[in-house]
Amino acid sequence: MKHLSILLITTLVLTNACSSIRIGPKGEGEYVAAESLVPYDENNMRQMKKDGELAAQKAAVEKVAGVFISSATTVEQAQLVEDKITSKTAGFIRKSHVQKSYRKGDEWYTKIKALVLVKDIGDIIKESEKDAFAKKTTLVVTSRETVGEEISLSQDCKQAIYRVLKNQPYNLVNGDNLSQNNIENPNATIDKARGEGARFVIVADAETNPLAALPGATSPFKSYRARANLRVYAANNYAVVAEGSGQQSGLDPLENIAAQKSISAACETAAKQLIEPVNDAIDSAKIYHVTIKNINTIERLKQVQDILRSLREVEDFNLVRYANSAGQFDISANISTPEELTAKIIRKYNIYFTVMSITPNAVVLNYN
C-alpha cells in the first residue's frame with residue numbers, strides 16, 4: 001500500500017511537471033516534418049547521415065520562419081532571419097528523430113520530425129519588424145519605354161520613379177519590361193506581382209521622340225520630347241488607385257543622353273502625382289484582429305495563410321503570434337465590418353472554419 005501511494009504521488013508530480021512545461025502542439029513548440037538531400041558519400045557514411053539530419057533540421061526551422069515573414073518583409077529583415085535563426089538551427093530544435101533515410105541516386109535523402117520552438121522564432125521576427133525595420137508596403141514597378149520606334153531596355157523611367165518614391169514607406173521591387181499587350185491588359189502582370197507579395201503595381205508607359213530643328217537653325221544639341229503615363233493598380237482587385245502623367249524635353253549633344261533626360265524628367269513629373277493617392281489607398285484598409293484556433297500544425301498554418309491570401313478584399317496580413325495551436329493575425333482588408341470579413345471567409349471556406357465569436361475589431365474562428 002505504501003509503495004502504491006508513492007507511485008501515485010510520483011505520477012501526479014510528473015503529470016503536473018509535464019503540464020507546466022507546455023512543449024508540443026499545445027505549447028511553444030510544434031512538430032514539423034522536413035526533408036533534405038545531401039551528396040552521397042560511401043567513404044564517410046556516418047558524417048553524410050549527420051549532414052543529412054542537420055540539413056533537414058535547418059529546413060524545418062526555415063519552414064517555421066517562413067510563416068512569420070510577411071509580404072512587407074524587406075531584404076534587411078530576410079537577412080536578419082538568416083543571421084539570427086537559420087544559421088543557428090540547433091538553438092530552435094528541442095528534439096528530432098529520423099523517420100526515413102536512404103540513397104537516392106547520387107544523393108542521400110533524409111526525412112525528420114522535429115520539435116521546433118515556434119514562439120522563439122516568431123518573437124525574433126516580430127521584434128525585428130518592430131524595432132529594426134519599418135514595415136513597408138510592397139510596390140512592383142513595371143514599364144514599357146520606347147525611343148522613337150525602338151524599345152529601350154535602359155529602364156530610365158523606372159529609375160526616375162525610384163528616385164521620387166525612395167523616401168516613401170514603400171518597398172519598391174523591379175518588375176517586368178512590358179509589351180503593348182501588357183499596357184492594354186495588365187491583369188497577367190498584376191497577378192504575377194500579387195504572387196510575389198505586392199500590394200500595388202505601377203505600370204509606366206513612356207516614349208520619347210526627337211524634335212525637329214527649326215528651319216534655318218543650327219545647334220550642336222539634340223532635343224527629345226517625352227511623355228509618360230503612370231497607373232497604379234491594387235494587386236488584390238485590379239482597381240486603379242492612382243494616375244500620373246507628364247511631358248518633358250531633354251537636351252544634350254548626344255542623342256541617347258537627350259532621350260534619356262527627357263524620359264527621366266517626364267517620369268519624375270508623373271511619379272510625384274502618385275504619392276498622395278497611393279498613401280491614401282494604403283491607409284484606406286481597416287485592420288482586423290483574427291484568431292484561428294485548433295490549427296495544430298505548421299502545414300495547416302500555411303494552408304490558413306494561403307486561404308487569407310486568396311481573398312481579394314484582403315490587402316495584407318501579418319501573423320502576430322502562433323502558440324497553443326492558435327494563430328493570431330492582423331488582417332488589412334477593404335471591408336467595412338468584421339461581420340463582412342467573417343462572411344467572406346465562411347462563404348468560400350465553410351468546410352474549414354466555424355465562427356466562435358465576433359466583436360467590433362476582432363474575429364475568432366475554429367479550424368475544423
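Predicted, not measured: the structure shown is a model, and the values here were computed from it.
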Can you tell me if [X] uses its side chain to pair, donor with acceptor, with the backbone of [Y] under 3.5 Å?
X	Y	answer
T291	Q328	no
D41	N43	yes
N182	S179	yes
S36	G52	yes
T359	A362	yes
D176	L178	no
E145	C157	yes
N236	R312	yes
K222	L211	no
K158	G175	yes

If you define the side chain from C-beta out and look only at heavy atoms, does anything of I335 sit under 4.5 Å from K344?
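A side-chain contact exists here, since the closest heavy-atom pair is under 4.5 Å.
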
Does the pair K261/D156 count as a salt bridge with the N-to-O cut at 4.0 Å?
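Result for this pair is no, no salt bridge flagged.
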
Can you find a side-chain donor-acceptor pair between Q47 and D51 that sits under 3.5 Å?
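Yes, because at least one side-chain N or O of Q47 sits under 3.5 Å from a partner of the opposite role on D51.
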
Pairing donors with acceptors under 3.5 angstrom, does anything connect the side chains of Y224 and E255?
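There is such a pair (donor and acceptor under 3.5 Å, judged by atom type) between the side chains of Y224 and E255.
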
Would I112 and L115 show up in the same hydrophobic cluster when neighbours are defined by side-chain heavy atoms closer than 4.5 Å?
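Hydrophobic grouping puts I112 apart from L115.
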
Quick check: Y109 with Y102 (ring centres under 6.0 Å apart)?
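Yes - the distance between ring centres of Y102 and Y109 falls below the 6.0 Å cut-off.
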
Any pair with a residue in residues 100-116 that passes salt bridge (Lys or Arg N to Asp or Glu O under 4.0 Å), sequence neighbours left out, goes on the list, sorted by first then second residue, please.
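Not a single pair qualifies under salt bridge (Lys or Arg N to Asp or Glu O under 4.0 Å).
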
Rest of the hydrophobic cluster containing I275 (Ile/Leu/Val/Met/Phe/Trp/Tyr, side-chain heavy atoms under 4.5 Å)?
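I275 shares its hydrophobic cluster with L139, V141, I161, Y162, V164, L165, Y170, L172, F200, I202, L230, V232, V241, L274, V278, I282.
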
According to salt bridge (charged side-chain N to carboxylate O under 4.0 Å, His left out), who are the partners of E243, at least two apart in sequence or on a separate chain?
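R231.
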
Does the pair K302 and D306 meet the rule for a salt bridge (charged side-chain N to carboxylate O under 4.0 Å, His left out), with working shown?
CA-CA 6 Å; K302 295 185 81 167; D306 289 340; over 6 Å; no

Parallel, tilted or perpendicular for F317 and F329, by the 30°/60° rule?
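Aromatic pair F317/F329 classed perpendicular.
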
